[in-house]
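Below: one structure, written as structure tokens.
Atoms within a ligand are numbered from 1 in the order they appear, just like the ligands themselves. These numbers were taken from a predicted model, which means no experiment stands behind them.
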Amino acid sequence: VSGALRFDVAGADGAKRYFGALSKETIAHAYLFSGPPGVGKKTFARRLAQSLLCEKPSTELLGYDETCASCAMFAADGARHPDFVESEGSLYVGAADAARSFYDGEDLTSREIVRLFSMQSYVGGMRLLLLGDVEFASPAAANALLKFLEESPSGVVTILTTPLPGSLLPTLASRLIEVRFPPLSKSDSNDVLQRLGYGEAEARRGAALGGGSIARAVTALDVEDESLRATVAAWFLESAAGETSERAWATRETLDEGLETVKMLARDWIVGALTGAAVARLADDYAQALGRLPSLAPARAAELLAKLDDAERIARTNVPPATVAEFVRMALDAAGSAQSTKSA
Ligand SMILES: [Zn+2]
């Protein structure tokens, strides 16, 4: 009995079935993980490596105990198991005799790979090479790897990942067993995004926008955040300048985040007005625009901050988001125009 082993990878049912039916004796020595970016190809490869190097005896190929010395090396941030080499990006053929430390895997060359893997394994078990979305800098680099695959030392498993299997040299591709990774389901995307630290609503939105790719979901959420911030900032500047803004940004989903942006800009506006320009600003990119706003008397500043606190409280009730935004707009307008009224 192997006990409760984990194999913590979302989706990838086909790959799980395929490797689940293999053993350390029957696993092939070279694989190509293909599929769109951000669906978990490299994550699967890392967990497969951890499974193969886990010291807990098991009849299952996929799974690790998370407690042995080997697993500890996979868990530690920045640490690396000496029998697991991961490299991403361009692969050069490399100088024949360049010295390089074992751990410096950032820009491994084909020749270094050959040299690394011609040495004995650290603990006498299997060794794994993950070449993530690798691009060959030259045909020579690809040929050097091809030669390595043809004469792979026993116990070495090489995994290449790529979103474009068609871009590989046919001679190289023919050496690799292709395992396809389809887009993640919405619920798997949702789980992964939550584990990455996104809130429930954001993860749901990301899963809907990502089309099964975590990379795409994260980008879409970033862009959404950035455009919300830009919209709210433009609205803030217009409102504080006493102009009637045509922009409407407040919805149930955007209200909290929008109010955060408003507060950040308001603090910068206030600090800038009270102390002059040379202060650390929360929103550097709006420093100039905020500097052009009317300056605020301390009393007005305190009043504005109190109104923004009120707005946050109202936002937690059933009051429509647009009404909360209008309340904030009036507060900004009042703060900005108070000065000009006095000086008029
Ligand atoms: Zn283990």
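- For a distance threshold of 2.8 Å, the protein N, O or S atoms nearer than that to the Zn ion (ligand 1), listed by chain and number, are Cys54 SG, Asp65 OD1, Cys68 SG, Cys71 SG.
- In this structure, the side chains of Phe84 and Arg46 come closer than 4.5 Å at one or more pairs of heavy atoms.
- Classification of the Phe33-Phe181 ring pair by plane angle, with boundaries at 30° and 60°, yields tilted.
- Ser239 and Asp333 share no donor-acceptor pair across their side chains, judged by distance under 3.5 Å alone.
- For the residue pair Glu178/Ser34, the side-chain donor-acceptor check at 3.5 Å is satisfied.
- Remark: aromatic rings of Phe7 and Phe19 are distant, center separation not under 6.0 Å.
- With a 6.0 Å radius and a threshold of 12 heavy atoms from other residues, nucleotides or ligands, Arg252 has its CZ atom above the threshold.
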